[in-house]
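Below is one structure, written out as structure tokens; the observations come after it.
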Amino acid sequence: MEQEDSFAMRVWQIVAAIPEGCVTTYGEVARLAGSPRAARQVGGVLRRLPQGSTLPWHRVVNRHGGISLTGPDLQRQRQALLSEGVQVSGKGLIDMARYRWRY
DNA sequence: CACGTGACCGATT
DNA sequence: AAATCGGCCACGT
């Protein structure tokens, strides 16, 4: 039975706590997880989520409030956000002043 | 062990 | 405001 490292587990816990209708950034998740400079790793953890995970990964965006995924994945994340009331511009930008989650 | 890669970020042009 | 430049750190080859 392989164990996930504690960093990944903390990321899961933090992302799971983001309320519906809100978003936060990779960097913020990294800070809360105790590794302020590990924003890229947060992306890595989310990318490797098992299919069918209930974790609200779509509530994590980059520092500009933009969706970092590309192609069909971008559209999927946008749709997930729209369907819970987060407005996303045509270019995939979110008004962070309005939707940013504060821990 | 060296090097490339990436769902990133802050400071600096 | 937008592009560029280093730095960051876990992972694969």
Side-chain angles (χ1 to χ4, degrees):
Chain A
M1 207 30 194
E2 7 190 326
Q3 293 276 88
E4 287 290 336
D5 63 281
S6 61
F7 177 74
M9 293 191 291
R10 272 178 284 192
V11 168
W12 296 338
Q13 173 124 17
I14 293 159
V15 173
I18 307 171
E20 182 177 334
C22 299
V23 298
T24 191
T25 65
Y26 296 98
E28 178 69 8
V29 174
R31 267 193 300 284
L32 294 175
S35 297
R37 310 297 161 206
R40 296 185 95 123
Q41 280 20 268
V42 173
V45 169
L46 297 185
R47 186 176 68 79
R48 300 173 52 163
L49 284 177
Q51 226 177 22
S53 168
T54 59
L55 209 70
W57 57 268
H58 55 279
R59 297 179 189 147
V60 185
V61 297
N62 65 34
R63 72 180 187 283
H64 302 303
I67 293 174
S68 290
L69 290 171
T70 59
D73 288 332
L74 185 156
Q75 299 306 329
R76 238 178 275 125
Q77 181 168 7
R78 172 158 68 194
Q79 189 53 50
L81 288 169
L82 288 174
S83 66
E84 62 181 44
V86 176
Q87 297 184 337
V88 186
S89 81
K91 301 196 167 148
L93 290 172
I94 294 160
D95 180 355
M96 292 305 276
R98 179 158 149 169
Y99 295 108
R100 182 175 169 82
W101 169 59
R102 321 240 178 224
Y103 174 73

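So that the names make sense, note that chain A is the first sequence line, chain B the second, and so on, each numbered from 1.
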Quick one: [X] [atom1] to [N] [atom2], roughly how many Å, whole number?
| X | N | atom1 | atom2 | result |
| --- | --- | --- | --- | --- |
| A:Trp57 | B:dA7 | CH2 | P | 13 Å |
| A:Glu28 | B:dG10 | CD | P | 10 Å |
| A:Phe7 | C:dA10 | CZ | C1' | 9 Å |
| A:His64 | C:dT4 | NE2 | C1' | 12 Å |
| A:Arg40 | C:dG7 | CZ | P | 14 Å |
| A:Leu93 | C:dA2 | CG | C1' | 13 Å |
| A:Tyr26 | B:dG10 | OH | C1' | 18 Å |
| A:Leu46 | B:dA7 | CG | P | 11 Å |

Choose from [options] the nucleotide whose nearest atom is closest to any side-chain atom of [X].
| X | options | answer |
| --- | --- | --- |
| A:Ala39 | B:dC9, C:dC9, B:dA7 | B:dC9 |
| A:Leu69 | C:dC9, B:dC9, B:dA7 | B:dA7 |
| A:Gln41 | B:dG10, B:dG6, B:dA7 | B:dG6 |
| A:Arg48 | C:dG12, B:dG6, B:dC9 | C:dG12 |

Using a cut-off of 4.0 Å on non-hydrogen atoms, how would the nucleic acid contact of A:Gly27 be classed: base, sugar-phosphate, or nothing? sugar-phosphate
Considering every strand and a 4.0 Å limit on heavy-atom distances, what is the contact class for A:Thr25: base, sugar-phosphate, or nothing? sugar-phosphate
A:Gln75 and A:Arg78 side chains, donor-acceptor separation under 3.5 Å: yes
Calculate, to the nearest 0.5 Å, the distance between atoms [atom1] and [atom2] belonging to [X] and [Y] respectively.
| X | Y | atom1 | atom2 | value |
| --- | --- | --- | --- | --- |
| A:Glu84 | A:Gln79 | CD | CD | 11.0 Å |
| A:Arg100 | A:Thr25 | CZ | OG1 | 5.0 Å |
| A:Arg31 | A:Glu28 | CZ | CD | 4.5 Å |

Looking only at N and O atoms, is any donor in the side chain of A:Arg37 or the base of C:dC8 less than 3.5 Å from an acceptor on the other one? no
